[in-house]
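Sequential numbering from 1 along the given sequence is applied to the chain's residues. Atoms within each ligand, like the ligands themselves, are counted from 1 in listed order.
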Amino acid sequence: MPELPDVEIFNRLVLHHCRGRAIAQAVVSDPGILQGISSDALEQRLKGEQIRSSARHGKHLFILLKAGALAMHFGMNGSLRFVPRGGAEPPYTRLRLDFDDGDGLAYVNPRRLGGVGICESVEGSVNELGLGPDVLDPGFDLEAFTAILAGGKRDVKAVLMDQQLMAGLGNIYSDEVLFQARLHPEVTARNLRSEAVARLFRAMRKTLNAAIEYGAGSERGVDQLPKDFLLPQRHRGGHCPRCGTGLAAGKRSGRTGYYCPHCQQK
Ligand SMILES: [Zn+2]
């Protein structure tokens with residue numbers, strides 16, 4: 001599932017390939033992914049627009065237009081692909097932006113979770129969605145992180161994943177940062193000592209930045225990640241990259257989380 005590093009990679013793709021480009025036409029091939037707007041209205045709205053910039057908040061991406069923004073969420077396995085002139089449209093493309101020079105940008109989403117819509121401003125949309133601060137925002141410091149954990153009656157993994165408290169981490173990267181900080185996922189958040197909270201905060205920053213840098217935000221590019229990452233071992237029969245112990249798995253809300261029972265003791 002696309003989490004902060006994946007969406008940051010999409011964000012950089014837009015900044016690198018699409019900034020300043022004019023949209024000749026937009027083609028919606030699946031209205032099922034649209035949120036609060038019809039196919040016709042979106043196509044009309046985007047025709048002749050220009051991509052001014054791009055911004056990310058947590059797992060949400062905002063392609064900034066001359067007026068307002070195209071807001072995107074990627075659900076379970078959505079992605080954004082740049083399609084050079086003459087290139088084939090990727091399978092499961094639900095929305096395509098064709099630029100005036102023939103290149104394009106495809107919003108791909110096989111399982112049709114997540115979606116696309118228009119918003120007036122990033123700030124307004126973030127408020128409407130009720131998202132907490134982005135975990136990589138420079139303004140989100142140790143003090144702010146500590147205050148959130150101190151109020152957490154649930155286990156630390158649930159608090160890390162709660163997008164209303166802090167935005168960006170999902171099932172995969174909450175496991176990764178807890179592993180890197182050597183903390184058990186089921187420790188009650190507010191019981192963590194300040195030393196452990198500081199370690200977790202540093203691990204979160206370092207891990208997310210490393211994942212972005214290695215260009216492997218998700219399980220797709222796991223072989224690209226640093227050798228001490230848990231992520232490539234997140235499967236049945238996986239082993240701890242640090243000590244070799246078989247990983248333990250725990251289910252919550254239908255999704256499996258992993259940790260090392262030796263390195264991450266309660
Ligand atoms: Zn271990």
Val116 versus Gln35: any side-chain heavy-atom pair under 4.5 Å? no

Sort by chain and number the protein N/O/S atoms that are closer than 2.8 Å to the Zn ion (ligand 1), and list them. Cys240 SG, Cys243 SG, Cys260 SG, Cys263 SG

Validate the cation-pi geometry between Arg242 and Phe179: distance from NZ or CZ to the six-membered ring centre under 6.0 Å, angle to the ring axis within 45°. yes

Kindly indicate whether the side chain of Tyr258, heavy atoms from C-beta on, has any atom under 4.5 Å from the side chain of Gln233. no

Between Asp101 and Arg21, does at least one N-O distance fall below 4.0 Å, as a salt bridge requires? yes

Under 3.5 Å, is there a donor-acceptor pair linking the side chains of Thr188 and Asp155? no

Do Arg96 and Tyr107 touch side chain to side chain, with heavy atoms closer than 4.5 Å? no

